[in-house]
Amino acid sequence: MKKKLRLGLIGSGFMGKTHVFGFAAAQRVFDLPYEVELACIADVTMAQAEAARAALGFQNATDDWRQMVDDPSLDVIDITAPNALHKDMALAAIAAGKHVYCEKPLAPLSADAREMAEAAERAGIKTQVGFNYLCNPMLSLAREMIAAGELGEIRGYRGLHAEDYMADANGQFTFRHDPAGGGALADIGSHALATAEFLLGPITRVFGDCITVIGSRPDGKGGTRTVETDDVGRAFLRFENGASGSIEGNWIATGRKMQHDFEVYGTKGALSFSQERFNELHFFSTGDAKGRQGFRRIEAGPDHSPYGRFCVAPGHQLGFNDLKAIEVAGYLEAIAGVRPEPFNFRAGLRIQTLIETIQKSSRSGTWLAVDGA
Ligand SMILES: NC(=O)c1ccc[n+]([C@@H]2O[C@H](COP(=O)([O-])OP(=O)(O)OC[C@H]3O[C@@H](n4cnc5c(N)ncnc54)[C@H](O)[C@@H]3O)[C@@H](O)[C@H]2O)c1
């Protein structure tokens, strides 16, 4: 009999559902130390929470996340609520001795993220931040190839995360526009930064350019609200390994749905990746014969762990929710002490620090060193 781990989930929107799919699949796909019980789901109103309970299979529902967090029968609190609520929810859960899984960005400000990371470390609980794109076996392959020197000396990096869900100027003001920590750089540029450091190691200096393009949006009450956060956040980067590069977070990229892409250039070869076709990694080798050179497509399959856990056949492809299942599996193993936390609050703080340094650099118009790099 596996030990039971009782989960309390806050939020039943896009990510709330993705987390439930992740927990459900992870337990069936991987051999995990726990059986996870979907104990309770919290949302703003009882009607929302109850509808989600019935649809997603939770035992209980509540409109009071604080009460849920204090429930001694729960082991893990999973936060998929809007960004500005992450800090209070996580600190309350940590104070109650629960393990905490929190969606990105960890907190609106790096000072808040630091408080969360330090509180978690003091309490000795296990944490995880939702950076699911890093769970793609093709990103692990890219990292392995870079580390093994297959690309030679790394000279350059280009990364971006571009979508168009905020391209419509008539789209309503949302929590993603919140002056406290919102904006495209925090919302999706955070993924581009996480991938850049996952592949190439620490970023030491940045030069940012963050701009608001759509200056006001309907507030949903018949008026408009001024937008202060960025629609596009770009940065030039210098890495500790000597390479230079750039990233972009852009939520008004008309036509782009999930362009979480990167290219890495080295003396012996290059890699090219696009999240819109995330079961493929393209590799160029300068060692190929002249007249035969070109990017070759490596397709994901059982040779790229843990793909084979999901499907025995290569080329049949993993999906977005499968990446969450891989993230969940790593976190559950970390809770059991079998491995380190894959991307804990300290790692989430690192991303907040990068975001804030880029924003500061944009305001000052100067290159800035990144703390702790
Ligand atoms: N890792 C990823 O790929 C990814 C993708 C999308 C969103 N996110 C992150 O997930 C979080 C949620 O985003 P989303 O797209 O799911 O938003 P959403 O609006 O779809 O869902 C948010 C949910 O939280 C609920 N909520 C709001 N206030 C609450 C409160 N006080 N108590 C309980 N529930 C409350 C809402 O009613 C809703 O059900 C954000 O932090 C976002 O950055 C991560």
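Each residue takes its place number in the sequence, starting with 1. Start at 1 and go down the list; that is how both ligands and their atoms are numbered.
Applying side chain to side chain contact (heavy atoms under 4.5 Å, CB included) to F21 and the options V328, N321, D322 leaves one that passes, N321.
With a 6.0 Å cutoff to the six-membered ring centre and a 45° limit on the axis angle, R217 does not count as a cation-pi contact of F173. By the 6.0 Å and 45° rule, R296 does not stack over the aromatic ring of F284. Geometrically, R256 does not engage W251 in a cation-pi contact defined by less than 6.0 Å to the ring centre and at most 45° from the axis.
The protein heavy-atom contact nearest to atom 2 (C) of ligand 1 is N132 OD1, 3.5 Å. In terms of protein heavy-atom proximity, atom 12 (C) of ligand 1 is closest to T80 O, 3.2 Å. Counting protein heavy atoms only, atom 8 (N) of ligand 1 is closest to M15 CG, 3.3 Å. With hydrogens left out, the protein atom closest to atom 21 (O) of ligand 1 is G13 CA, 3.4 Å, a heavy atom. For atom 32 (N) of ligand 1, the nearest protein heavy atom (residue, atom name, distance) is W65 CD1, 3.6 Å. V44 CG2, 3.3 Å is the protein heavy atom nearest to atom 29 (C) of ligand 1. Looking only at protein heavy atoms, the nearest one to atom 41 (O) of ligand 1 is N83 OD1, 2.6 Å. For atom 42 (C) of ligand 1, the nearest protein heavy atom (residue, atom name, distance) is K104 O, 3.5 Å.
Atoms of ligand 1 lying under 4.0 Å from any heavy atom of D187, numbered from 1 in the order shown and given with element: 43 (O). Applying the 4.0 Å criterion to heavy atoms of I10 picks out, from ligand 1, the atoms 33 (C), 34 (N). Atoms of ligand 1 lying under 4.0 Å from at least one heavy atom of Q48, given by number and element, are 37 (O). The distance from ligand 1 to the heavy atoms of A81 drops below 4.0 Å at these ligand atoms: 11 (C), 12 (C), 24 (O), 40 (C), 41 (O). Under a 4.0 Å criterion applied to the non-hydrogen atoms of G11, ligand 1 contributes the atoms 23 (C), 24 (O), 25 (C). Atoms of ligand 1 found under 4.0 Å from any heavy atom of H86 (numbered from 1 in listed order, with element): 41 (O).
Under 3.5 Å, the side chains of D164 and T254 contain no donor-acceptor pair of N or O atoms. In summary, the side chains of D187 and Y165 do present a donor paired with an acceptor at a separation below 3.5 Å, with no hydrogens or angles considered. For Y101 and E327, the side-chain atoms include at least one donor-acceptor pair closer than 3.5 Å. No side-chain donor from either of H191 and H260 sits under 3.5 Å from a side-chain acceptor of the other. For the residue pair Q48 and T45, a side-chain donor N or O sits within less than 3.5 Å of a side-chain acceptor on the partner. With 3.5 Å as the limit, one finds a donor-acceptor pair spanning the side chains of R6 and Q59.
Proximity annotation for atom 36 (C) of ligand 1: of T18, D43, L85, D43 comes nearest, heavy atoms only. In the candidate list E103, R176, E327, R176 is nearest to atom 15 (O) of ligand 1, counting heavy atoms.
Looking only at distances, a side-chain donor or acceptor of Q27 sits under 3.5 Å from a matching main-chain atom of F23.
Using a non-hydrogen distance threshold of 4.0 Å, F175 registers as a contact of ligand 1. Contact between P105 and ligand 1 is present, with at least one heavy atom of the residue lying under 4.0 Å from the ligand.
The shortest N or O to N or O distance between P82 and ligand 1 is not under 3.5 Å. Any N or O atom pair closer than 3.5 Å counts here, and G130 shares at least one such pair with ligand 1.
If you look at F14 next to ligand 1, the close heavy atoms, those under 4.0 Å, come from the backbone and the side chain alike. At a 4.0 Å heavy-atom cut-off, ligand 1 touches Y133 through the side chain alone.
Salt bridge status for E121 with R346: present, with a side-chain N to carboxylate O gap under 4.0 Å. For R155 and E263, the salt-bridge test fails: no basic side-chain N is under 4.0 Å from an acidic carboxylate O.
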